[in-house]
> 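Would you mind keeping the following structure in view while I ask a few things?
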Amino acid sequence: MPERPSARQWVLLNPGPANTSRAVREALLTPDLCHREPEFFEMMGECRVRLVRVAGAAPAFAAVLFAGSGTAAVEAAVCSAVPRDRSLLVVVNGVYGDRLMKIAQAHGIPVEAVTYDHTTPVDPADVEAAFRRTPGLSHVALVHHETTTGLLNPVGDVARVAARVGRRVIVDAMSSLFGEPLDVAADGIDFVTASANKCLQGIPGVSFVLGRRSALDALRGQPPRSVYLDLYQHYVTQEADNTPFTPAVQVLHAMREALRELEEEGMAARIARYAENARVLRAGMAALGFEILVPDGARSHILTTFRLLPGLAYDPLHDAMKRRGYIIYAGQGAIRTYAFRVANMGTLTPRDMEGVVAAFAEALAELGIATGVTR
Ligand SMILES: Cc1ncc(COP(=O)(O)O)c(C=O)c1O
């Protein structure tokens, strides 16, 4: 199989780190900068302001930055938000909901879970029932877009329920913020977590919490459960144009460029581009005979889990796609044996997705797998 000239320019169909623009990657090459100088604080401040502005959450929210992968921001929010004498409700319908629970447990926070299978969104009535049953629950933590399968949880409905019963919401929007509609500042929501390298189209190494200022201020005086992931300390220090630890200077430069690009494209336009990417992908894959795991109505526009065709295992399919320059992604856990994931975030366009479908057709032909909806 001849290698495409751009074979090392991978088309990333994994759910982040996603493909980025040349300008974002080149921003890493800005001159070296000391993180205790005003030039750095100006750049950090611009990132923080742009994050809440583009999220539609200014002025009620502030962005708090962490040097670390997405889990750093999730862990900071969870271990900082729940008071010492309260407990946490967690929605579990995928790997990342399960991780929320593990994080709480690692910090000794009592947890209760509402659990579903990996293709069923949370029922807000179950959240309300749990809150009414257990007065000690202070927050519910849930994943907006379960990257395990491409399942969307109805965050807005959960927030309404929580607000009605006087509780607060922590949202892991790692793989959906800026790629799916999300009312970050909706009543009930206090903390939303994400990272630079997914729908923001930046470089891995920075994650952030968008926090309601009143909720961040209320953390004052709460004994921290973590030294590095103390949300309040990061918040007050960054508000004072400083940083408690060494930040990811170059990654923030790239993030600033990614934020500029997002504002230039417009969030609505980005969401529409991703939705069109998903539509092109799904139509093309349906014609090849692939079925989607998550039921219609619960699917994101960012990632699709397709069932493997009869006689087709994941690894040969991955390798055949990689030979063509495309990186697909395995299912997590047992899902790997019967399904795989294709994300359409990053700089990809609908035309790129046509290329993805054509590559799947070629890969299946190479592997001798019959295609078509009549199987
Ligand atoms: C929903 C969700 N939460 C958390 C994470 C963890 O992010 P990281 O691997 O950057 O720590 C991911 C990663 O894909 C994710 O999709």
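Please read these numbers as outputs of a predicted model, since none were measured by experiment. Order of appearance sets the numbers: ligands from 1, and atoms from 1 within every ligand.
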> What I want to find out is whether R213 reaches D217 closely enough, with some N-O distance under 4.0 Å, to be called a salt bridge.
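Salt bridge absent between R213 and D217.
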
> Are D157 and R160 ion-paired here, with the side-chain N under 4.0 Å from a carboxylate O?
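Here D157 pairs with R160 in a salt bridge, since their nearest N and O are under 4.0 Å apart.
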
> Any side-chain donor paired with an acceptor under 3.5 Å for D117 and N93?
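No pair is found: no donor N or O on one side chain lies under 3.5 Å from an acceptor on the other.
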
> Using side-chain hydrogen bond (donor to acceptor under 3.5 Å, both in side chains), reason through Y116 and D123 one step at a time and then give a plain yes or no.
CA-CA 9 Å; Y116 307 86; D123 180 348; 5.9 Å; no

> Tell me: protein heavy atom nearest atom 12 (C) of ligand 1, and distance?
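The answer is Y96 CE2, 3.3 Å.
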
> Suppose we measure from atom 16 (O) of ligand 1 to each protein heavy atom; which comes out shortest, and what is that distance?
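Protein heavy atom at minimum distance: T147 OG1, 2.5 Å.
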
> Before accepting this row, confirm whether a basic side-chain N of the pair R270/E264 lies closer than 4.0 Å to the acidic partner's carboxylate O.
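Result for this pair is no, no salt bridge flagged.
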
> Write out the residue and atom name of the closest protein heavy atom to atom 3 (N) of ligand 1, then the distance separating them to 0.1 Å.
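Here the nearest protein heavy atom works out to D172 OD2, 2.6 Å.
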
> Is the closest N or O pair between S69 and ligand 1 shorter than 3.5 Å?
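Indeed, backbone or side chain, S69 has an N or O that close.
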
> Any N or O of K198 that comes nearer than 3.5 Å to an N or O of ligand 1?
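N/O-N/O distance under 3.5 Å: yes.
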
> So, regarding S195 and ligand 1 (criterion: nitrogen or oxygen to nitrogen or oxygen, under 3.5 Å), is there a contact or not?
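No, since none of the N or O atoms of S195 sits under 3.5 Å from an N or O of ligand 1.
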
> Could you tell me if any non-hydrogen atom of V143 lies under 4.0 Å from any atom of ligand 1?
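It does, in that a heavy atom of V143 comes within the 4.0 Å cut-off of ligand 1.
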
> Do any nitrogen or oxygen atoms of G70 come within less than 3.5 Å of a nitrogen or oxygen of ligand 1?
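N/O-N/O distance below 3.5 Å exists for this pair.
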
